[in-house]
Amino acid sequence: MKITKAVIPAAGLGTRVLPATKAMPKEMYPIVDKPAIQYIVEEAVKSGITDILIITNRGKSVIEDHFDRNPELENALEKSDKKEILNAIKPISSMANIYFVRQKETKGLGHAIQCARSFVGNEPFAVLYGDDVIVSEEPVCLQLIKAYEKFGLGVVGAKEVPEKDIGKYGSLKLRHIENNHYMCTDMVEKPTPDKVMSLFSILGRCVLPPEIFDILDATLPGAGNEIQLTDAMKILAQKNGMIAVDFVGKRYDIGNKLGIVKATVEMALQHPEIGSEFKKYLENELEF
Ligand code: UTP
């Protein structure tokens, strides 16, 4: 079955980047001139996704506004002959069918995904974490969809993380299959050192079968007293196996301070309008 639906959870509290996230969702951080979540929606669209559900909460209506039209702004740009900017903002509202649902209580990523049940129905679907921007030639979401089509199993995007950091992530039990594909048969969220299965962790993207919803319904709060998506995927991995794709792409974690700064600097350096000037500026600054 062709995967056309994606879910973007964006209802987290963003406590690691307070006070910036007190009134502004981290998913709306501008990386040079585009909010993080727009990069993510564009990745989904380039992967063949036509319908996107964004999970939001109170205080995140600015995300809805971003994907709506703004006729006053469009008219003003038209009149002042700023066609280039107009061409950059107009397509934002028509890239895909974008829907919103509110997670009424912040009970964890697994709980956020549960809110997508009636949108997803009985189809496999992609999940793109709202605070993970990944830059790659072939969209990472598409890399995972291709693995789903090939193996017919749920898929997680994975990367090795430094040993000192694995306790902050999930750890995967893996067996190599071919190229950058692994069979995952178990996983653990935020492992203590004795529970680490490998340094491979799920980062930012997955493709899930609809069975995940029944599993989530039976999933009790885990690490941090939140309903963890990893705890539900663990059941899936133990029962059927899941595919882990060591994806090709550079990931920026917009949920932490250093991630935001790295994304901004690297994207600014590549930006057609300001890239070369910014490079000169940085070189100058770094001389001292
Ligand atoms: P994170 O755990 O990185 O987000 O969740 P967080 O809870 O905002 O982080 P901190 O620790 O407070 O800084 C990964 C993704 O899942 C979403 C987040 O918005 C983020 O995009 N999420 C998380 C939800 O939608 N709902 C939740 O209850 C938790």
Side-chain angles (χ1 to χ4, degrees), residues 6-29 31 35-44 52-64 66-67 98-117 119-120 125-134 140-141 156-159 161 165-171 187-191 201-206 208 212-213 216-217 219-233 251-263:
V7 176
I8 303 180
L13 296 177
T15 52
R16 283 167 295 159
V17 270
L18 278 168
T21 44
K22 187 165 172 251
M24 189 180 76
K26 58 181 167 181
E27 294 81 6
M28 284 301 290
Y29 275 152
I31 304 177
I37 195 161
Q38 189 179 331
Y39 288 92
I40 296 168
V41 167
E42 286 173 354
E43 179 191 328
I52 299 172
L53 178 72
I54 303 181
I55 317 283
T56 64
N57 64 15
R58 289 172 297 282
K60 300 229 180 188
S61 47
V62 62
I63 300 179
E64 296 179 34
H66 185 72
F67 290 102
I98 301 183
Y99 306 87
F100 299 89
V101 70
R102 284 187 177 196
Q103 183 187 13
K104 296 189 181 69
E105 275 182 87
T106 314
K107 290 194 197 164
L109 180 57
H111 180 255
I113 299 301
Q114 271 177 303
C115 302
R117 187 173 200 146
F119 164 80
V120 168
F125 63 106
V127 177
L128 298 91
Y129 298 12
D131 58 355
D132 271 319
V133 172
I134 309 181
V140 172
C141 181
V156 292
K159 280 261 161 237
V161 301
D165 293 335
I166 189 72
K168 291 188 235 159
Y169 294 90
S171 167
M187 60 181 80
V188 55
E189 181 67 23
K190 300 196 174 43
S201 180
I202 302 170
L203 293 182
R205 306 285 181 266
C206 48
L208 298 169
I212 198 74
F213 293 110
L216 276 167
D217 283 349
T219 302
L220 298 172
N225 205 28
E226 293 189 333
I227 297 180
Q228 296 287 351
L229 181 60
T230 311
D231 291 344
M233 289 197 287
R251 166 186 173 263
Y252 299 100
D253 181 359
I254 305 302
N256 76 66
K257 297 172 188 119
L258 192 57
I260 294 169
V261 177
K262 282 184 187 168

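In listed order, ligands and their atoms are each counted from 1. Computation of the quantities below employed the complete heavy-atom set of this structure, encompassing side-chain atoms and omitting hydrogens, waters and symmetry-equivalent molecules.
- Between atom CD1 of residue Ile113 and atom CD of residue Gln103 there is a gap of 9.0 Å, rounded to the nearest 0.5 Å.
- Residues Gly255 and Val17 approach most closely at O-CG2, 4.0 Å, considering heavy atoms.
- Without hydrogens or angle criteria, Thr21 side chain to Gly14 main chain gives a donor-acceptor distance under 3.5 Å.
- Of all atoms in ligand 1, numbered sequentially from 1 with element shown, those under 4.0 Å from a heavy atom of Gly130 are 21 (O).
- Among protein heavy atoms, the minimum distance from atom 25 (O) of ligand 1 is reached at Ala11 N, 2.8 Å.
- Heavy atoms of Lys107 found under 4.0 angstrom from ligand 1 belong exclusively to the backbone.
- Here the side chains of Thr230 and Val188 are not in contact, with every heavy-atom distance at 4.5 Å or above.
- Set against the non-hydrogen atoms of Leu109, the atoms of ligand 1 under 4.0 Å away are 16 (O), 27 (C), 29 (C).
- With Asp253 contributing its side chain and Gly259 its backbone, the two residues share no donor-acceptor pair below 3.5 Å.
- Looking at atom 28 (O) of ligand 1, its nearest protein heavy atom turns out to be Gly108 N, 2.8 Å.
- Relative ring orientation between Phe100 and Phe67 is described as tilted, the plane-to-plane angle lying within the 30° to 60° band.
- Against a heavy-atom cut-off of under 4.0 Å, Thr106 is close to the following atoms of ligand 1: 27 (C), 28 (O).
- With Glu43 contributing its side chain and Cys141 its backbone, the two residues share a donor-acceptor pair below 3.5 Å.
- Ranking the protein heavy atoms by distance from atom 5 (O) of ligand 1 puts Asp131 OD2, 4.4 Å first.
- The contact set between ligand 1 and Ala112, taken as ligand atoms under 4.0 Å from a residue heavy atom, comprises 24 (C), 25 (O), 26 (N).
- For atom 10 (P) of ligand 1, the nearest protein heavy atom (residue, atom name, distance) is Thr15 OG1, 3.3 Å.
- Given atom 23 (C) of ligand 1, the protein heavy atom at minimum distance is Gly12 CA, 3.8 Å.
- Geometrically, ligand 1 and Glu27 share a nitrogen or oxygen pair separated by less than 3.5 Å.
- On a distance-only criterion, Leu13 and ligand 1 share at least one N/O pair closer than 3.5 Å.
- At distances below 3.5 Å, at least one donor-acceptor pair connects side-chain atoms of Gln228 with backbone N or O atoms of Ala223.
- Looking at atom 2 (O) of ligand 1, its nearest protein heavy atom turns out to be Arg16 NH2, 4.4 Å.
- In terms of protein heavy-atom proximity, atom 21 (O) of ligand 1 is nearest to Pro9 O, 2.9 Å.
- When heavy-atom distances to ligand 1 are checked against a 4.0 Å cut-off, Ile55 has no atom that comes that close, whether in backbone or side chain.
- When all heavy atoms of Pro9 and Leu128 are compared, the pair lying nearest together is CD-O, 3.2 Å.
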- Task: Check step by step if side-chain contact (heavy atoms from CB on, under 4.5 Å) holds for Ile202 and Tyr169.
- Result: CA-CA 8 Å; Ile202 302 170; Tyr169 294 90; over 6 Å; no
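- When each atom of ligand 1 is checked for a heavy atom of Gln103 under 4.0 Å away, the hits are 24 (C), 25 (O), 26 (N), 27 (C), 28 (O).
- Residue contacts with ligand 1 do not include Glu105, since none of its heavy atoms lies under 4.0 Å from the ligand.
- Looking only at protein heavy atoms, the nearest one to atom 6 (P) of ligand 1 is Lys26 NZ, 3.4 Å.
- Partner of Lys60 under the side chain to side chain contact (heavy atoms under 4.5 Å, CB included) criterion, out of Glu27, Met28, Arg102: Glu27 alone.
- Under a 4.0 Å criterion applied to the non-hydrogen atoms of Gly14, ligand 1 contributes the atoms 6 (P), 8 (O), 12 (O), 13 (O).
- Between atom CD1 of residue Ile254 and atom NZ of residue Lys262 there is a gap of 11.0 Å, rounded to the nearest 0.5 Å.
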